[in-house]
Amino acid sequence: MSQVRLRFAPSPTGYLHVGGARTALFNWLLARKEKGTFILRIEDTDVARSTQESTDAILEGMTWLGLDWDEGPYYQSERFPVYREFVEKLMAEGKAYKCYCTPEELDRKRELAIAEGRKPKYDGTCRGVEDRPGAPFVVRFRSPEEGETAFDDLIKGRIAFQNEELDDLIIQRTDGTPTYNFTVVIDDATMGITTVIRGDDHINNTPRQIQLYEALGYPVPKFAHVPMILGADKARLSKRHGATSVMAYRDMGYLPEAMVNYLVRLGWSHGDEEIFSLDELTGKFTIEAVGRSAGVFNPDKLLWLNSHYIKTGDPVRLANLLLPFMKERGIDVAGGPDLAAAVRTLQERSHTMLEMADGAVIYYRSDFEYDPKAAAKSFSPAGRELCAELAARLGQVEALDHGVISAVFDGICADRGVKMKDVAQPARFALTGGAPSPGIFEVMEVLGRDETVRRISRALELFGS
RNA sequence: GGUCCCAUCGUCUAGCGGUUAGGACACCGGCCUUUCACGUCGGUAACAGGGGUUCAAGUCCCCUUGGGAUCACCA
């Protein structure tokens, strides 16, 4: 079996954040690139902190980004018997032992060690101790005391640790549940994971995990530790830097392809290229091209990518995505203009779907307010007169399209000896109330002849003529 | 503090011994124009410092400095 097997293994203690999403993306990309298998595993051994809502949120985030999985989701909470079996095996082989030290004792020793300037590592008190039937215990892995444990990280290169730095880690708690460093090894080993791509905050866990693989007799997978994502102050990205939840970006009007494109470029590059679809990436992605240093999350660039994808997106699809945002604004698009047509006029001037929704509102509200300041500026007596003329001429044409509208404006300009803006600005005021809007020809075309004339008439009535 | 990782414009990065150190976001100007945008043209801006290796170092090695991660019966 030479096929690669990768996995994304989040713990369900919150939503899918951008760092996790990027890790998932890299795993997914490598799996697709190598025609391997991508597995989703939920690491919920911490029963107290894990929730179903978090699991659902993570799956929703993955789905939104378009990262589908071939196996799973597996739940560690359903595999406790498996872990127990391996703990028993290690104990039977003398590779693990019961430790009766209490947390209080350990804390005391730890504090003492720090106070005396020594390393706060477990001292091996219970390594040779006899069984104490009935007494509460944890199970510790007996790790080698000498030599070194090293691995060749796919993105960081060779990393070595002296074994004397590592102590005997706990693999099973007093309550009988297994701990992370143990379950992750058992799962990756038994699920046949060939390459582990994860955050580089796991580098320090790696040597002890390797020792576990070796003790268990399983092959050690390859490791690729991807750098962290930082905030603008270079500290690890967190809520205080702004939104970190992937789904929050959807709610703020971001497109999944923008998020994917942004995340993949944060730490990975392909020459000077900036724009990548998921499909292109499955051909171009390589783990070796991932950078070694941490990167700062840059909301401006994400926004730029988002506007790029809005600009080049399919209007019908965008219209569908826009629907919930219109609903949020209390607008039912059913009775108004075609939403896709409205979208087309807004694509090149919207950075987010939120902005697009704000811009689209004007097409569906005929009872909008007129801005008095704009009225003074744009709806002068002369402007009102030109608007009246415009309405009159529009009444004489059939349907509105760009050519017809353009001809009408040109006609007025020629006959009255005025400039385009002399009539366009008053018209914009009459049709939109003075707010920034798409090109006035486009607005009229989307609104249609009748609504256009109706709005002009209303403005003329409101402001006298 | 121990261990580990990292270091090119403000930010994301290209560079894999010989380059006027390139691109992108942001920023600043010009143009376009029917408001706002889009677009377009141009500009400011970087190899952390010090030692080596080499004919030649942003590229290789070492040290310093500066960031970050991790040191749980969390994952």
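Because the structure is a prediction, the values reported are computed rather than measured. Proteins get letters first, then strands, A, B, ... in listed order; numbering begins at 1 in each.
Using P as the reference atom, B/A56 and B/U19 are 14 Å apart when rounded to the nearest Å. For B/A26 and B/C32, the C1' atoms lie 22 Å apart once the distance is rounded to whole Å. As rounded to the nearest Å, B/C36 and B/G49 have P atoms that lie 45 Å from one another. With C1' as the reference atom, B/C5 and B/G30 are 46 Å apart, rounded to whole Å. Separating the C1' atom of B/C71 from that of B/U13 is a span of 33 Å, rounded to the nearest Å. Going from the P atom of B/C16 to that of B/G23 covers 16 Å, rounded to whole Å. Rounded to a whole angstrom, the distance from the P atom of B/G67 to that of B/A48 is 16 Å. Nucleotides B/U64 and B/A7 are separated by 13 Å at their C1' atoms, to the nearest Å.
A/F151 and A/F161 have parallel rings, their planes meeting at less than 30° on a 0 to 90° scale where 60° marks the start of perpendicular.
You'll find that the side chain of A/E348 is closest to B/A37, out of B/C12, B/A37, B/U35. Minimum atom distance to the side chain of A/D300 is reached by B/A26, of the listed B/G39, B/A26, B/C12. If you check B/C73, B/A75, B/A26 against the side chain of A/H202, the one that comes closest is B/A75. Distance from the side chain of A/Y180 is smallest to B/A75 among B/A75, B/A37, B/A69.
If you check B/G17 for Watson-Crick or wobble pairing at under 3.5 angstrom, you find it has no partner at all. When both distances must be under 3.5 Å, the Watson-Crick or G-U wobble mate of B/G66 is B/C6. Both distances falling under 3.5 Å, in either a Watson-Crick or a G-U wobble arrangement, occur for no nucleotide opposite B/A45. Across all strands shown, the partner of B/A24 is B/U11, judged by Watson-Crick or G-U wobble contacts whose two distances both fall under 3.5 Å. Taking a pair to require two hydrogen-bonding distances under 3.5 Å in either a Watson-Crick or a G-U wobble arrangement, B/A37 remains unpaired.
Between the side chain of A/S437 and the base of B/C36, no donor-acceptor pair of N or O atoms lies under 3.5 Å. Side-chain N/O atoms of A/E273 and base N/O atoms of B/G23 include no donor-acceptor pair closer than 3.5 Å.
Using a 4.0 Å heavy-atom criterion, one finds that A/G291 contacts no nucleic acid atom at all. In this structure, A/H225 reaches neither bases nor backbone, as no heavy-atom distance under 4.0 Å exists between it and the strands shown. Within the nucleic acid shown, A/P438 comes within 4.0 Å of at least one base atom, counting heavy atoms only. In this structure, A/D44 reaches neither bases nor backbone, as no heavy-atom distance under 4.0 Å exists between it and the strands shown. Within 4.0 Å of A/E43, counting heavy atoms only, lie sugar-phosphate atoms of the nucleic acid but no base atom. Within the 4.0 angstrom heavy-atom criterion, only backbone atoms of the sugar-phosphate kind lie near A/K311; the bases stay farther away. Counting any heavy atom pair closer than 4.0 Å across all strands shown, A/T45 reaches sugar-phosphate atoms only and no base atom. Within the nucleic acid shown, A/S269 comes within 4.0 Å of sugar-phosphate atoms alone, with no base atom in reach, counting heavy atoms only.
If you measure from atom OH of A/Y370 to atom P of B/U35, you get 20 Å, rounded to the nearest angstrom. Look at CZ on A/F141: it is 18 Å from P on B/A72, rounded to the nearest Å. Rounding to whole angstrom units, CH2 of residue A/W304 and C1' of B/G39 are separated by 14 Å. For the pair A/I275 CD1 and B/G23 P, the computed distance is 17 Å after rounding to whole Å. Note: CZ (A/R265) to P (B/A24) measures 11 Å, nearest angstrom. Whole-Å rounding puts the A/R349 CZ to B/U35 P distance at 11 Å. The separation between A/Y122 atom OH and B/C71 atom C1' is 17 Å, rounded to whole Å. For the pair A/L346 CG and B/U35 C1', the computed distance is 14 Å after rounding to whole Å.
Taking CG of A/D46 as the reference point, atom OG of A/S77 lies at 11.5 Å (rounded to 0.5 Å). A/N306 contributes atom CG, which lies 9.0 Å from atom CD of A/E355 (distance to the nearest 0.5 angstrom).
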Any chance you could lay out the side chain to side chain donor-acceptor pair (under 3.5 Å) test for A/H308 and A/N261, step after step, and finish with the verdict? CA-CA 11 Å; A/H308 167 81; A/N261 198 148; over 6 Å; no
Salt bridge (charged side-chain N to carboxylate O under 4.0 Å, His left out) evaluation trace for A/K121 with A/E165: CA-CA 8 Å; A/K121 54 178 271 193; A/E165 298 292 339; over 6 Å; no
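Ion pairing between A/E257 and A/R317 holds under the 4.0 Å rule for side-chain N and carboxylate O.
Side-chain atoms of A/F441 and A/S406, non-hydrogen and from C-beta on, do get closer than 4.5 Å to each other. Within the 4.5 Å cutoff, no side-chain heavy atoms of A/C99 are placed close to those of A/V139.
Relative to the six-membered ring of A/F368, A/R458 meets both conditions, a distance below 6.0 Å and an angle of at most 45° to the axis. With A/Y122 as the aromatic partner, A/R140 meets the cation-pi criteria of under 6.0 angstrom to the ring centre and within 45 degrees of the ring axis.
Within residues 410-425 of chain A, the residues having any heavy atom under 4.0 Å from RNA chain B are, by residue number, A/M420, A/K421, A/A424, A/Q425.
RNA chain B is contacted by both A/S350 and A/I170; A/S350 maps to the nucleotide lying nearer its 5′ end (nearest heavy atom per residue). Of the residues near RNA chain B, A/I440 and A/R49, the one whose nearest nucleotide (by heavy atom distance) lies more toward the 5' end is A/I440.
Residue A/E451 places its CD atom among more than 12 non-hydrogen atoms of other residues, nucleotides or ligands, all under 6.0 Å distant.
When ring centroids are compared, A/F276 and A/W268 come within the 6.0 Å threshold.
Between A/H308 and B/C38, a side-chain N or O to OP1/OP2 separation shorter than 4.0 Å is absent. For B/C12, neither phosphate oxygen OP1 nor OP2 lies less than 4.0 angstrom from any side-chain nitrogen or oxygen of A/R22.
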Nucleotide by nucleotide, nucleotides 3-11 of chain B touches protein heavy atoms under 4.0 Å in the pattern (B base, S sugar-phosphate only, - none) SSSSS---B
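Contact between A/Y262 and A/N298 at its shortest, heavy atoms only, is OH-N, 2.6 Å.
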